Protein chains: 2
Amino acid sequence: MRSEDIAKLAGVSRSTVSRVLNNYPDIPQRTRDKVLKIIEEYNYEPNTSARVLAGKSTNTIGFFVVSLDDQDNMNRIYQNSYFAPFVDAIIDTANAAGYYVLVHTVYTREDFIKVKQAFQQKRIDGGIVVGTRKDIGMVREISQLDMPFVLIDYDISEIIENHLDKKHLAVINSMDYEGAYDAMSHLIDLGHSKIAFIGDGTSNTFSGAQRFEAYRTALMEHGLPLNETFILKGDFLKKSAYREVLKLLDQAELPTAIFSANDDMALGALEAFKERGIRVPEDISIVGFDDVPVAAQLNPSLSSVRLPIYDMSQAAVHKIIEMCQQGTSSFSTTSFPTKLIARESSKSTNAR
Amino acid sequence: MRSEDIAKLAGVSRSTVSRVLNNYPDIPQRTRDKVLKIIEEYNYEPNTSARVLAGKSTNTIGFFVVSLDDQDNMNRIYQNSYFAPFVDAIIDTANAAGYYVLVHTVYTREDFIKVKQAFQQKRIDGGIVVGTRKDIGMVREISQLDMPFVLIDYDISEIIENHLDKKHLAVINSMDYEGAYDAMSHLIDLGHSKIAFIGDGTSNTFSGAQRFEAYRTALMEHGLPLNETFILKGDFLKKSAYREVLKLLDQAELPTAIFSANDDMALGALEAFKERGIRVPEDISIVGFDDVPVAAQLNPSLSSVRLPIYDMSQAAVHKIIEMCQQGTSSFSTTSFPTKLIARESSKSTNAR
DNA sequence: ATGAAAGCGCTAACAT
DNA sequence: ATGTTAGCGCTTTCAT
């Protein structure tokens, strides 16, 4: 069934059908109804490719999850505690706004070609990118595509320093620095002065670097010493944190609290504590970051900093739709606040 | 940049460029190289809409997550412990096979229109549907679209009974009956004879019904009585299970074990136990279903039945691609085995 | 082996 | 207010 068929059946021309379809104003209600009736009756839907080819937009946005680390197939699937809620929230928001979403994962630089192709082949109107370890090279390539793009969790200063063409770019961030500072203040308020940090890893991820930065600053501003042995490496995965914490526990001087740059690593720490018979929060307090669903389920429940994932996703979708529709040339930045959720895993030092 | 531009630059015609692009055999290496060089040089990518309009396939599959229950916006996002891994696995598999994936959620019958439209507008070559409470009406409409479709977790007998047009249909299931039977056998082998069940809800979901069926049969085949008060209603959400288990605990006769039709409800049960000071597994054993990530993290860790989500996702993607490419008319069914993961929450009655 | 030309289904400028 | 027509960028049959 093509528009021409509908036209014949309604006794009008293809243009009129097209006008009805696209809500042109200069068309009388009588004609409109007549055409709509036939369209309804025959369940006609215009061919998207033809529309797009004739100059309409695709009504589709691309959502790209970049995770250059997770090469291992098994790890990809279940360990994306950070990405999964974004996928959900973005699809929901876009769908509710009448947009389709093309989701693509990027695990290698090869995969990244697919992102560019999605644009160049005109499959999507605009794109949203979320992910750790995206390098500036990718962002540069993206900006050169000259199509609307929203970056979630990206260091703005990097974009500015590199003089990227920001005409069609927007950035949505969470206030990780503030959130991490809150977590540290919380621990310090509880009387902790020897606070370790897990997650001083490859700070290729913007939010990760922010969290570490806040750790250092919070200590400093409260006149607390920065003990190098209390700074544990961590790649944001559970396993490495588990190992590093075990190493820490072998040392002479132990911290009374740990701030972990994400919950997955906090889980690794908890496992190490359990193995060594160290009680939480009696012997040591711990605060994580991300507030993954399991945090509330644990026993003791894990204090954590909640990310505004839903707000960020909504903002990203609305921003990209706005950019696609208005074709505006602008560069914008929005950051959403995090929220400390204090639970059982962090207690006052006096309470012991 | 269009194919005509490439043609001019390479000194050939558009047809030749197209032939190179589509790997036609009757084209000499010299010409091919010449054209490819220009394509490379100018970073040319053919316009997808034009290709599709001219008869090519979209290279895109649709993935539709149907969840007619979750009307509440908040619940959608974080409670999809069942769907999230499917989304991940399906996108990964399809991407690895060179396909794009259009993901769409369906929360209402209104939303379902979008599924049909995605097909009728020729946005996708085929689709995969997963979800609870999809009714036969939807499946009928889908089958009438006459396009390749894979249903994940669907009752085959319902399709057959309703005489659906199965020409372009395939079904991928998990062996929930066997998995649930394994869980029951496990508990019975541990010496339990008074075993309760959570999740006798709206059995609109195929796998849910299977799990209950296995519970009854396992009791029967082991000569154990079916105590009606041990059968708790449950809508597969944590909250309702929590309430039902509290009610159960008020009764005179208590079970020594519980089999929960999914892990979320098992979590609710654990909360109720904790509240009443009932120890797991000392006072009561519990086995869940789905093996969500948190199951292994809990203390005590939760015994559960693992779903072959990755196998199912792979099979679904490969099946839909096969159907799209070969255009075969067939109806096929594949089921993958589940696996009981016995952990700390289920212990022998003798060990007390 | 390659070019010319028709056609895929739609939109929009132009004409009336 | 509506019909006519020229594309949109590609594939493919038909010629050569």
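Letters go in sequence order (proteins before strands), and every chain restarts at 1. Heavy atoms only: backbone and side chains are in, while hydrogens, waters and symmetry mates are out. Everything numeric in this text was worked out from a predicted model, so none of it was measured.
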- request: Can you sort out the partners of A/E45 under side-chain hydrogen bond (donor to acceptor under 3.5 Å, both in side chains), two or more places apart, ordered by chain and number?
  value: B/Q117, B/Q121

message: Any base atoms under 4.0 Å from A/N47, or only sugar-phosphate, or nothing? Heavy atoms, all strands.
response: sugar-phosphate

message: Checking B/S15 now: which residues fulfil side-chain hydrogen bond (donor to acceptor under 3.5 Å, both in side chains) with it, not counting sequence neighbours?
response: B/S13

field: Segment of DNA chain D, first to last nucleotide, that comes within the 4.0 Å heavy-atom reach of chain A
entry: D/dA1 to D/dG9

message: Rounding to an integer number of Å, can you tell me how far B/E4 CD sits from C/dG3 P?
response: 12 Å

- line: Sorted by chain and residue number, the side-chain hydrogen bond (donor to acceptor under 3.5 Å, both in side chains) partners of B/K167 (sequence neighbours excluded) come out as B/D165

message: Among residues at least two apart in sequence or on other chains, which ones pass salt bridge (charged side-chain N to carboxylate O under 4.0 Å, His left out) with B/K319?
response: B/E322

- request: Give one of base, sugar-phosphate or nothing for A/V52, where a contact means two heavy atoms less than 4.0 Å apart.
  value: nothing

field: Residues forming a ring-ring contact (aromatic ring centres under 6.0 Å, His included) with B/F86, sequence neighbours excluded
entry: B/Y82

query: To the nearest angstrom, how far is B/D26 atom CG from C/dG3 atom P?
result: 12 Å

message: Please report the distance, rounded to the nearest Å, between CZ in B/R30 and P in C/dA1.
response: 14 Å

- prompt: With B/D5, which residues qualify under side-chain hydrogen bond (donor to acceptor under 3.5 Å, both in side chains), at least two apart?
  reply: B/R2

field: Contact check, side chains of A/Y107 and B/N95, non-hydrogen atoms, under 4.5 Å
entry: no

task: Determine, for nucleotides 11-16 of chain C in 5'-to-3' order, which nucleotides have protein heavy atoms under 4.0 Å from the base (write B), from only the sugar-phosphate (write S), or from neither (write -).
output: BBBB--

query: Atom CD of B/Q29 to atom P of C/dT2: distance rounded to whole Å?
result: 12 Å

- line: A/Y100 meets the ring-ring contact (aromatic ring centres under 6.0 Å, His included) criterion, sequence neighbours left out, with B/H104

- request: For residues 49-66 of chain B, pull every pair meeting side chain to side chain donor-acceptor pair (under 3.5 Å), keeping only residues two or more places apart or in separate chains.
  value: A/R123-B/T60, B/N22-B/R51, B/N22-B/K56, B/T58-B/D125

- prompt: Under 4.0 angstrom, heavy atoms only, what part of the nucleic acid is A/T31 near: base, sugar-phosphate, or nothing?
  reply: sugar-phosphate

query: Side-chain donor-acceptor pair under 3.5 Å between A/D33 and A/Q29, yes or no?
result: yes

message: Test of understanding: with side-chain contact (heavy atoms from CB on, under 4.5 Å), list the residues that count as partners of A/I160, not counting sequence neighbours.
response: A/I156

message: Based on the rotation axes of five pairs at each end, what angle does the helix from C/dA1-D/dT16 to C/dT16-D/dA1 bend through, to 10°?
response: 40°

